[in-house]
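Every chain is numbered from 1, with letters handed out A, B, ... down the list of sequences.
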Amino acid sequence: MRWSKAFIPTIKEAPVEAEITSHKLMLRAGLIRRLSSGLYTYLPFCLRVIKKVGDIIRDEMNKKGAEELLMPILQPTELWEKSGRLNSKELAMLTAKDRTGREFVLSPTHEEVITDLVGREIKSYRDLPKNFYQIQTKFRDELRPRSGLMRAKEFIMKDSYSFDVDEESAGKTYAMMESAYRSIFSRCGLNIQVVKADPGAMGGGMSHEFIALADIGEEENGIEVGQIFSLGTKYSKSIGATFLDKNGVEKLCVMGCFGIGVTRTISAIIEQNHDEYGIMWPLSVSPYQVLILPVNISDSVSRGLAEKVYNQLQERKVEVLLDDRDVRGGVKFKDADLIGVPVRITVGSEKAASGALEIRERRTGREVTVRADELIPNLMSTLQEENHES
RNA sequence: CGGGGUGUAGCGCAGCUUGGUUUAGCGCGCCUGCUUUGGGAGCAGGAGGUCGGCGGUUCGAAUCCGCCCACCCCGACCA
């Protein structure tokens, strides 16, 4: 992508609405814009990160045998009456009406819908265990939205729901999800602490929270980015999800549910990966892997070299952003630090004249000068290292 | 919902106390031209505002009064 064609609206100073670092940086680096309190547009740059995080989640969930599906956001209130959660204050539900006046819940979570589905479709112990997940927008009528994507009325969540034949099997699923979550957060570049938690509105038995350590955050100096619950038979009983066991006896599915706040995870990543100049994306979730920065775009030699490198990297499927804007070098350097692409290739007029350029790591500031024909192998090994560090 | 605070150009603010030389300013950003080009350049010119909204007081309101709305922070609640 060429920066001159991309929509990356960076700003020098953070608007006063933002207090915490991640919120400020997301505004400044052109990731989000506010529509209204607790409602944000994810700009193209942010959407790339959302996709990266989503792909890591999909990879780890699929490894554990979970299957992705997508359920409706609008849900009939009758289903929520069945589970007894229609008037749950904790879930802070938003509702919507159709033109006949029928009321729907704008889903804050999907236990009811998935249990209804499984109850209708799965009838035999032979079809269990099952684990379904989805990544979609959730709604909570937050009393007080705050801190950008940290607590929004509308946010992106990965939620999954497991169905097992008994507690023992459900326990294994629970442990598997815990390990999947550890891998997911680690691959996202997050330092996580797992703590025992109160199941709250979900009900059921055991629960653990995944806390990203940060000096802001709402509990224990950390940000809750995920939570897992063993639900027992609470929903299979109220909604009706049973199966026949080996002996032909009807039994209730033993359930678990597992959530990750995707957009909040991105806030947490920034809280843990930034410095005074801007974001320092872990390579695994960075919107681009490499930024090419020709210091002076009107110098034809460095422009030519930058274009050449840009093409080479694109051919190798490296996600590369070329800062081809006709602005002064200082502006580009500041923006480069702000948006936090992990590897920067600087093309300066002097060195370009002798066919050399610089590779710089955003996180460490480490910089090497290489000849253009040595660039690709050097860059590939730098990317490898970055990958292992995050 | 309780408490605190803020609304003046895209962003950051001054002006309000004491109403009238304010045709409402300043910095950044934006547009045009020239110069400049390794860490947010310089000069010149320019565009951009129902002063959050409605009502009231007054000869006259960004400024005083009332109501409403929006937004931010603390609390209760949550991925």
For atom [atom1] of [X] and atom [atom2] of [N], their distance in whole Å:
| X | N | atom1 | atom2 | result |
| --- | --- | --- | --- | --- |
| A:Asp326 | B:C31 | CG | P | 12 Å |
| A:Ile297 | B:U36 | CD1 | C1' | 16 Å |
| A:Tyr40 | B:C72 | OH | C1' | 10 Å |
| A:Asn296 | B:U36 | CG | P | 11 Å |
| A:Lys24 | B:C73 | NZ | P | 11 Å |
| A:Leu35 | B:A70 | CG | P | 13 Å |
| A:Glu224 | B:C77 | CD | P | 13 Å |
| A:His23 | B:C71 | NE2 | C1' | 11 Å |

What distance, rounded to whole Å, do you find between the two [atom1] atoms, one in [N] and one in [M]?
| N | M | atom1 | value |
| --- | --- | --- | --- |
| B:C28 | B:C71 | P | 31 Å |
| B:C30 | B:U23 | C1' | 24 Å |
| B:G42 | B:C59 | C1' | 49 Å |
| B:G4 | B:A44 | C1' | 48 Å |
| B:G10 | B:A47 | P | 16 Å |
| B:G52 | B:C34 | C1' | 41 Å |
| B:G20 | B:G33 | P | 42 Å |
| B:G48 | B:U37 | P | 34 Å |

Notebook entry, point to check: Quick one: are A:Asn273 and A:Trp281 in side-chain contact, heavy atoms under 4.5 Å?
Noted result: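 A:Asn273 vs A:Trp281: side chains apart.
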Side chain of [X] (C-beta onward), nearest among [options]:
| X | options | answer |
| --- | --- | --- |
| A:Glu13 | B:A79, B:U37, B:G12 | B:G12 |
| A:Ser37 | B:C77, B:C11, B:C72 | B:C72 |
| A:Val295 | B:A79, B:G38, B:C74 | B:G38 |
| A:Glu142 | B:G12, B:C77, B:U37 | B:C77 |

Note to self: Please say yes or no: joined through hydrophobic side-chain contacts below 4.5 Å, possibly via intermediate residues, are A:Met1 and A:Leu291 part of one cluster?
What the structure shows: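 Cluster IDs for A:Met1 and A:Leu291 match.
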Notebook entry, point to check: Do A:Val290 and A:Leu293 sit in the same hydrophobic cluster, where Ile, Leu, Val, Met, Phe, Trp and Tyr count as joined when their side-chain heavy atoms come under 4.5 Å apart?
Noted result: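 As far as the 4.5 Å side-chain criterion goes, A:Leu293 and A:Val290 are not connected within one cluster.
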Considering Watson-Crick and G-U wobble pairs with both distances under 3.5 Å, what does [N] pair with?
| N | answer |
| --- | --- |
| B:C11 | B:G27 |
| B:A76 | none |
| B:U21 | none |
| B:A70 | B:U6 |
| B:U57 | none |
| B:A62 | none |
| B:G33 | B:C43 |
| B:C51 | none |

Margin query: Can you tell whether the side chains of A:Arg58 and A:Asp55 come within less than 4.0 Å, N to carboxylate O?
Written below: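 Salt bridge between A:Arg58 and A:Asp55, a charged N being under 4.0 Å from a carboxylate O: yes.
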Is [X] touching bases, backbone alone, or none of the nucleic acid, heavy atoms closer than 4.0 Å?
| X | value |
| --- | --- |
| A:Arg34 | sugar-phosphate |
| A:Glu350 | nothing |
| A:Thr109 | nothing |
| A:Ala352 | nothing |
| A:Val262 | nothing |

Next item on the list: If the plane angle is over 60° it's perpendicular, under 30° parallel, otherwise tilted; pick one for A:His23 and A:Tyr40.
Entry: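 Perpendicular: the ring planes of A:His23 and A:Tyr40 meet at over 60°.
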Margin query: Whether the side chain of A:Glu358 and the base of B:G38 hold a donor-acceptor pair under 3.5 Å is what I'd like checked.
Written below: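 Indeed there is one.
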Note to self: So if I define the base as every atom that isn't primed, P, OP1 or OP2, how would nucleotides 39-49 of chain B read as a B/S/- string at a heavy-atom cutoff under 4.0 Å?
What the structure shows: BBB--------
Checklist line | Polar side chain donor-acceptor pair, A:Ser83 to A:Lys234, under 3.5 angstrom | finding: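 Side chains of A:Ser83 and A:Lys234: no pair found under 3.5 Å.
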Note to self: Strictly below 4.0 Å: does A:Thr265 bring a side-chain N or O up to OP1 or OP2 of B:A79?
What the structure shows: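 No, A:Thr265 has no side-chain N/O under 4.0 Å of OP1/OP2 on B:A79.
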Margin query: For B:C71 and A:Ser36 - does any side-chain N or O of the residue sit under 4.0 Å from the phosphate oxygens OP1/OP2?
Written below: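 Looking at the OP1 and OP2 atoms of B:C71, one of them is under 4.0 Å from a side-chain N or O of A:Ser36.
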Check: Taking for each residue the nucleotide of RNA chain B with the nearest heavy atom, is it A:Gly261 or A:Lys351 whose nucleotide lies nearer the 5' end?
Finding: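 Closer to the 5' end of RNA chain B: A:Lys351.
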Margin query: Heavy-atom nearest nucleotide on RNA chain B for A:Ser298 versus A:Gly148: which residue maps closer to 5'?
Written below: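 Whichever sits nearer the 5' end wins; that is A:Ser298.
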Check: Which ILVMFWY residues can you reach from A:Met157 by hopping between side chains whose heavy atoms are under 4.5 Å apart?
Finding: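 Grouped by the 4.5 Å side-chain rule, A:Phe155 form the rest of the cluster around A:Met157.
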Next item on the list: Could you tell me which non-hydrogen atom of A:Glu111 sits nearest to which non-hydrogen atom of A:Cys257, and how far apart they are?
Entry: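 Nearest pair, atom of A:Glu111 first, then A:Cys257: OE2-SG, 3.2 Å.
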Margin query: For a quick test of reading the model, state the closest non-hydrogen atom pair linking A:Tyr125 to A:Asp245 and the distance between them.
Written below: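 For A:Tyr125 versus A:Asp245, the nearest heavy atoms are CD2-C, 3.5 Å.
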Note to self: With a sphere of 6.0 Å drawn around CD of A:Gln314, does it hold more than 12 non-hydrogen atoms of other residues, nucleotides or ligands?
What the structure shows: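 Yes, because the 6.0 Å sphere around CD of A:Gln314 holds more than 12 heavy atoms from other groups.
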Note to self: Within this structure, what is the OG-CG distance for the pair A:Ser160 and A:Leu69, rounded to the nearest 0.5 Å?
What the structure shows: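 The OG atom of A:Ser160 sits 10.0 Å away from the CG atom of A:Leu69.
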